[in-house]
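Below is one structure; the comments refer to it alone.
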Amino acid sequence: MENKEIVLSGVRPTGKIHFGNYYGAIRNFVKMQESFDHCFFFIADYHSFTTQKDATLLPQQVRRILATYLACGLDPNKAAIYLQSDIPQIPELYLLLNMISYKGELEKVPTFKEKIRDGKQSVNAGLLTYPTLMAADILIHRSNKVPVGKDQQQHLEMARNLAGRFNHTFGDEFFPEPQAFNFNAELIKIMSLSGDGGKMSKSDDNPNNAIFMDDTDKVMTKKIMKATADSGPTEPNSEKSVPVAGLFELMRCVSAPEVVEEYEKKYNDCSIQYGYFKKQIAEDMVKMVGPIRDKIEELEKDTEYLAKVVKDGKEQALESAEKTMQGVRRLVGLNYF
Ligand code: ATP
Ligand code: MG
């Protein structure tokens with residue numbers, strides 16, 4: 001049966017794709033393209049300028065993300081794969097949504113507050129209105145389901161608020177309220193290997209804190225073996241520290257359930273040896289990521305194919321975006337003659 005719900009998600013080309021991006025988001029894109037007829041997956045190149053302004057890095061990062069999408073299993077015959085900057089209707093909708101985005105609510109968004117707090121960058125208007133641009137990305141196709149990691153939950157709420165406010169202001173039920181999606185399961189947050197409780201991130205300064213999808217087997221293994229743990233449980237059934245809980249979470253993603261169970265048991269009876277535990281995670285991580293990495297390298301070389309994929313995706317995305325904007329322009333009164 002045709003599934004009419006619209007699926008949309010994207011990744012910022014701000015660095016190399018890591019295991020968190022894969023497990024929290026892209027893996028779901030690949031599953032969803034099988035059961036939803038209208039899937040849009042894009043590369044959020046405009047978004048990258050909020051934090052990064054290196055014109056020489058961008059093309060290479062965009063190509064790499066595209067190759068990673070395809071290597072993970074995204075199929076251009078099942079989903080529209082496109083670049084944000086290829087769709088002028090997105091900045092057009094962003095402009096209109098900015099007129100109903102309030103300064104106060106934007107300043108309250110936790111990721112904005114964090115970025116100001118760490119003081120590493122200028123606080124530009126683009127950074128403040130990041131959630132508005134993200135809402136435009138989603139609403140431009142009147143999307144219903146947005147497969148994202150847990151860190152995007154707040155941004156999704158903002159997209160829902162803006163959809164509702166637009167409908168209320170301009171008198172129609174035009175936009176659906178988009179929902180974050182992970183196949184009836186909790187949204188995922190893969191932790192940084194530093195064990196500091198933060199998430200794995202592309203823009204983390206220390207590359208040892210994340211497993212990248214193009215890391216060699218050796219590098220991946222080394223990073224996991226060096227990941228922060230603790231001095232080990234001393235009492236049976238004790239609560240796990242943040243770094244150890246993060247490692248168990250990683251194991252649940254890559255290892256078989258019986259293996260996880262075995263290590264949970266060892267943790268609970270205090271016989272766990274973190275060296276073996278990490279080695280097991282590293283082995284299973286290599287098994288999951290290794291074949292994808294090899295494909296990324298192969299696909300990245302085929303620039304002709306990559307260009308064709310985004311050209312086809314652009315056509316589909318443009319058609320859908322223009323249809324939405326015709327409705328928007330009519331509703332807001334931008335139709336004079
Ligand atoms: P940046 O640090 O540049 O913001 P990022 O690692 O946060 O990079 P994004 O491009 O912002 O990556 O996010 C792409 C997708 O990956 C989003 O759906 C996001 O929720 C998901 N994601 C990012 N990090 C994690 C993580 N550690 N665990 C699970 N999902 C994640
Ligand atoms: Mg992010």
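Read the numbers this way: they start at 1 and go in the same order the structure lists the ligands and their atoms. Side chains are part of it too, since the values below use all heavy atoms of this structure and drop only hydrogens, waters and symmetry mates.
Within ligand 1, counting atoms from 1 as listed, the ones closer than 4.0 Å to a heavy atom of Gly24 are 29 (C), 30 (N). Proximity to Val11 (heavy-atom distance under 4.0 Å) selects the following atoms of ligand 1: 10 (O), 14 (C). For ligand 1, the atoms sitting less than 4.0 Å from at least one non-hydrogen atom of Ala25 are 15 (C), 16 (O), 18 (O), numbered in the order shown with element in parentheses. Proximity to Ile188 (heavy-atom distance under 4.0 Å) selects the following atoms of ligand 1: 28 (N), 29 (C), 30 (N). Remark: ligand 1 atoms within the under-4.0 Å shell around heavy atoms of His18 are 6 (O), 24 (N), 25 (C). The atoms of ligand 1 that sit less than 4.0 Å from any heavy atom of Val148 are 18 (O), 20 (O). Of all the atoms in ligand 1, the ones that sit under 4.0 Å from a non-hydrogen atom of Lys189 are 28 (N), 29 (C).
Checked against a 3.5 angstrom limit, the closest N/O atoms of Ile190 and ligand 1 fall inside it. Among the atoms of Asp151, some N or O lies under 3.5 angstrom from an N or O of ligand 1. Between Ser201 and ligand 1, a contact under 3.5 Å exists for at least one N or O pair. Here's the thing with Met200: one of its N/O atoms is less than 3.5 angstrom from an N/O atom of ligand 1.
A cation-pi contact links Lys31 to Phe183, judged by a cut-off of 6.0 Å to the six-membered ring centre and 45° from its axis.
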Could you go through Lys199 and Lys150, starting from their C-alpha distance and side-chain angles, then the distance that decides it, and tell me whether this counts as side-chain contact (heavy atoms from CB on, under 4.5 Å)?
CA-CA 10 Å; Lys199 73 170 190 76; Lys150 201 173 170 60; over 6 Å; no
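Rounding to the nearest 0.5 angstrom, the gap separating the CG atom in Leu139 from the CD1 atom in Ile6 is 11.5 Å.
In this structure, His141 has its ring center closer than 6.0 angstrom to the ring center of Tyr82. Ring centroid separation for the pair Tyr276 and Tyr263 does not come in under the 6.0 Å cut-off.
Aromatic ring orientation, His155 versus Tyr130: tilted (interplanar angle from 30° to 60°).
When the options Glu249, His155, Lys199, Arg12 are ranked by their closest heavy atom to atom 7 (O) of ligand 1, first place goes to Lys199. Here the shortest heavy-atom distance to atom 14 (C) of ligand 1, taken over Ile17, Leu156, Asn21, belongs to Asn21.
Minimum interatomic distance between Asn209 and Met200 (heavy atoms only, all atoms of both residues): O-CG, 3.6 Å.
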